[in-house]
S.K.: 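Supplied in structure tokens, the structure appears directly below.
From a predicted model like this one, the values you see are computed outputs, not experimental measurements.
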Amino acid sequence: MSTVPAVSVEQLTRVFRVPGLRRREFTAVSDVSLEVQPGEVYGLIGPNGSGKSTTMKVLLGLLRATSGKCAIFGRDSARVDSREEVGYLPENPYFYKHLTGAETLEFYGKLCGLRGRELRERIGEMLALVDLEESRDRRLGGYSKGMLQRIGLAQAIIHRPRLVVLDEPTAGVDPLGSRQIRDLIMELKRRGITVILSSHLLEQVQEVCDRIGIIFRGRMLREGSLAQITEVGNRSEIVLEGMTPELMEEMRALAAARGAKWIHDGHPRTTLETLFLEVTSAAAEAARASAGKS
């Protein structure tokens with residue numbers, strides 16, 4: 001694996017001037033540093049207005065840094081050629097609604113220099129990847145939000161980028177559509193593509209990201225692997241199956257005798273989203289099985 005980071009952000013600061021007579025300034029990002037290694041899925045998380053999108057836009061050359069620097073595979077991100085191997089899906093992508101899914105990918109493929117047979121094959125491959133083959137000739141005006149996000153992801157990777165930047169890719173998407181997009185992100189990782197995911201949806205980031213940066217009010221608060229940043233250093237967790245009340249009491253007594261404080265015990269819980277997907281998937285499977293018997 002290359003020793004050059006896929007993305008390097010060093011002491012990035014971006015200040016906006018607020019229009020008016022007093023020439024006030026607003027610091028959107030302050031002294032942010034991060035690194036993303038090739039093949040990683042990196043999650044940049046924080047509430048709305050925390051500086052996530054500003055950081056991504058500076059990295060992509062859409063905004064200039066007030067100070068600091070960014071590099072993509074070792075090349076200054078202010079240079080146009082640094083973005084030749086980058087795919088980008090903004091939070092609210094704009095598409096020509098009168099075009100079909102296939103025509104949309106053809107349009108973006110030509111912008112990236114693809115032509116002829118290579119372009120046709122790539123369009124088919126991308127439609128299959130995002131599960132939109134049956135909707136290839138349907139106009140985007142009739143696509144759902146989730147379908148639009150998936151066609152957006154397809155256009156972002158049609159030119160085979162090494163780095164993909166996704167800004168809130170599941171915003172406004174229902175749980176099933178959100179799951180499909182997360183599966184696509186994992187497929188990109190399997191193919192060795194580096195992904196930067198900007199989001200405020202913590203469970204989404206937790207499922208797909210190797211490393212995470214927490215940004216708040218323009219400052220990086222914490223960065224590291226999921227295990228590193230979520231670990232509570234002075235606590236330990238034990239998961240047992242077949243626990244009896246007698247064994248529980250023995251463990252409580254042992255903990256008290258050794259000076260340890262018993263914080264909590266109970267049964268593991270699933271998440272609402274996981275439960276929703278399991279229940280709906282089971283219902284769909286039962287319906288298909290019932291239809292097959294009739």
S.K.: Which pair of non-hydrogen atoms, one from Tyr94 and one from Tyr108, has the smallest distance, and what is that distance?
M.R.: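 Shortest heavy-atom contact: O-OH, 3.7 Å.
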
S.K.: If the threshold is 4.0 Å, N to carboxylate O, is there a salt bridge linking Glu133 and Arg136?
M.R.: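 The answer is no: the pair does not qualify as a salt bridge.
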
S.K.: I'd like to check Ile212 versus Arg222 (side-chain heavy atoms, cut-off strictly below 4.5 Å). Are they in contact?
M.R.: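 Result no, sub-4.5 Å side-chain heavy-atom pair not found.
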
S.K.: Is there side-chain contact between Thr194 and Arg162, with at least one heavy-atom pair below 4.5 Å?
M.R.: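 They are not in side-chain contact.
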
S.K.: Roughly how far, to the nearest 0.5 Å, is CG of Asp31 from OG of Ser33?
M.R.: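 The CG atom of Asp31 is 5.5 Å from OG of Ser33, to the nearest 0.5 Å.
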
S.K.: Side-chain heavy atoms under 4.5 angstrom apart, residues restricted to Ile, Leu, Val, Met, Phe, Trp, Tyr: same cluster for Val58 and Leu44?
M.R.: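 Linked within one cluster.
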
S.K.: For residues 88-104, which residue pairs qualify under salt bridge (charged side-chain N to carboxylate O under 4.0 Å, His left out), counting only residues two or more places apart or in two chains?
M.R.: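 Every candidate salt bridge (charged side-chain N to carboxylate O under 4.0 Å, His left out) pair involving residues 88-104 fails, so no pair, neighbours aside, qualifies.
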
S.K.: If I take atom CD from residue Glu207 and atom CG from residue Asp183, how far apart are they, to the nearest 0.5 angstrom?
M.R.: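 Answer rounded to 0.5 Å: 8.5 Å.
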
S.K.: Does anything in residues 43-71 pair up under salt bridge (charged side-chain N to carboxylate O under 4.0 Å, His left out), and if so which pairs, sequence neighbours excluded?
M.R.: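 Salt bridge (charged side-chain N to carboxylate O under 4.0 Å, His left out) check on residues 43-71 returns Lys52-Glu168.
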
S.K.: What distance separates Arg150 CZ from Asp131 CG, expressed to the nearest 0.5 Å?
M.R.: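 That separation rounds to 5.5 Å.
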
S.K.: Is there a path from Leu184 to Ile196 through hydrophobic residues (I, L, V, M, F, W, Y) whose side chains come within less than 4.5 Å of each other?
M.R.: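 Cluster IDs for Leu184 and Ile196 differ.
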
S.K.: Leu12 and Val29: which non-hydrogen atoms are nearest, and at how many Å?
M.R.: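 Taking Leu12 first and Val29 second, the nearest heavy atoms are O-CG1, 3.5 Å.
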
S.K.: Determine yes or no for a side-chain-to-main-chain donor-acceptor pair under 3.5 angstrom, with Tyr143 supplying the side chain and Ser135 the backbone.
M.R.: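 Yes; judged by distance alone, with no hydrogens or angles, the pair exists.
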
S.K.: Using modelled atom types and a 3.5 Å cut-off, is there a donor and acceptor pairing between side-chain atoms of Gln149 and backbone atoms of Pro169?
M.R.: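 Yes, Gln149 side chain to Pro169 backbone: donor-acceptor pair under 3.5 Å.
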
S.K.: Taking all atoms of both residues into account, what is the closest heavy-atom pair of Gly152 and Phe95, and its distance?
M.R.: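 Scanning both residues, the minimum pair turns out to be CA-CZ, 3.4 Å.
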
S.K.: Taking the six-membered ring of Phe16 (Phe, Tyr or Trp), confirm whether the NZ or CZ of Arg14 is under 6.0 Å from its centre and within 45° of its axis.
M.R.: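 Yes, cation above the ring, under 6.0 Å and within 45°.
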
S.K.: Check Pro161 against Gly87 and note the closest heavy-atom contact, atom names and distance.
M.R.: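 The answer is CB-N, 3.6 Å.
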
S.K.: Please confirm whether the backbone N or O of Val86 pairs with a side-chain atom of His159, one donor and one acceptor, at under 3.5 Å?
M.R.: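 It does hold such a pair.
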
S.K.: For Gln206, what residues pass the side chain to side chain contact (heavy atoms under 4.5 Å, CB included) criterion, not counting sequence neighbours?
M.R.: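 Counting only residues at least two positions away or on another chain, Gln206 forms a side chain to side chain contact (heavy atoms under 4.5 Å, CB included) with Leu226.
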
S.K.: Once rounded to the nearest 0.5 Å, what's the spacing between atom CG of Leu166 and atom CD1 of Ile185?
M.R.: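 Atom-to-atom, Leu166:CG and Ile185:CD1 are 5.5 Å apart.
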
S.K.: State, yes or no, whether a side-chain contact exists between Leu34 and Tyr42 at a heavy-atom distance under 4.5 Å.
M.R.: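 Counting from C-beta outward, Leu34 and Tyr42 do come under 4.5 Å.
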
S.K.: Look up atom OG in Ser178 and atom NZ in Lys145, then write down how far apart they are to the nearest 0.5 Å.
M.R.: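 Here the interatomic distance stands at 12.0 Å.
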
S.K.: Under 4.0 Å between a Lys/Arg side-chain N and an Asp/Glu carboxylate O for Arg117 and Glu121?
M.R.: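 Yes, this pair counts.
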
S.K.: What salt bridge (charged side-chain N to carboxylate O under 4.0 Å, His left out) pairs are there with at least one residue in residues 242-262, not counting sequence neighbours?
M.R.: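 Output for this query lists Arg252-Asp265.
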
S.K.: Using side chain to side chain donor-acceptor pair (under 3.5 Å) as the criterion, list what pairs up with Lys110, not counting sequence neighbours.
M.R.: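 Side chain to side chain donor-acceptor pair (under 3.5 Å) check on Lys110 returns Glu106.
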
S.K.: Spell out, yes or no, whether Val15 and Val32 are grouped together once hydrophobic residues are joined by side-chain heavy atoms under 4.5 Å, including indirect joins.
M.R.: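 No, Val15 and Val32 fall in different hydrophobic clusters.
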
S.K.: With no hydrogens and no angle check, is any side-chain donor or acceptor of Arg211 less than 3.5 Å from a backbone partner on Gly43?
M.R.: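 Not confirmed, Arg211 side chain does not pair with Gly43 backbone.
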
S.K.: Is atom CD of Glu134 surrounded by more than 12 heavy atoms (other residues, nucleotides or ligands) closer than 6.0 Å?
M.R.: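 Result for CD/Glu134: open.
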
S.K.: Once you round to the nearest 0.5 Å, how far does CG of Leu99 lie from CG of Leu140?
M.R.: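 With rounding to 0.5 Å, CG (Leu99) is 7.0 Å from CG (Leu140).
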
S.K.: Look only at the side chain of Ser144 and the backbone of Met147, and say whether a donor-acceptor pair between them is shorter than 3.5 Å.
M.R.: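 Yes, Ser144 side chain to Met147 backbone: donor-acceptor pair under 3.5 Å.
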
S.K.: If Ile, Leu, Val, Met, Phe, Trp and Tyr residues are connected whenever their side-chain heavy atoms lie under 4.5 Å apart, and connections chain through other members, are Ile193 and Leu127 in the same group?
M.R.: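 Same cluster: Ile193 reaches Leu127 through Ile, Leu, Val, Met, Phe, Trp or Tyr contacts under 4.5 Å.
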
S.K.: Would you say the ring centers of Phe107 and Tyr96 fall short of 6.0 Å from each other?
M.R.: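 Between Tyr96 and Phe107, which both carry aromatic rings, the centre distance is below 6.0 Å.
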
S.K.: Do Leu89 and Leu197 sit in one hydrophobic cluster, given that two such residues count as connected whenever their side-chain heavy atoms are within less than 4.5 Å of each other, even indirectly?
M.R.: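 Yes; Leu197 is reachable from Leu89 via cluster members.
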
S.K.: Do Leu114 and Arg122 touch side chain to side chain, with heavy atoms closer than 4.5 Å?
M.R.: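 Sidechains of Arg122 and Leu114: in contact.
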
S.K.: Would you indicate whether the side-chain heavy atoms of Leu129 and Ile157 approach each other to under 4.5 Å?
M.R.: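 Result yes, sub-4.5 Å side-chain heavy-atom pair found.
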
S.K.: Is it true that atom CD of Gln11 has more than 12 heavy atoms of other residues, nucleotides or ligands lying nearer than 6.0 Å?
M.R.: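 12 or below, so no.
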
S.K.: Sequence neighbours excluded and cut-off under 3.5 Å, please list the side-chain donor-acceptor pairs for residues 70-77, or say none.
M.R.:
| from | atom 1 | to | atom 2 | distance (Å) |
| --- | --- | --- | --- | --- |
| Arg75 | NH1 | Asp81 | O | 3.3 |
| Asp76 | OD1 | Ala78 | N | 2.9 |
| Ser77 | OG | Leu59 | O | 3.4 |
| Ser77 | OG | Cys70 | O | 3.3 |

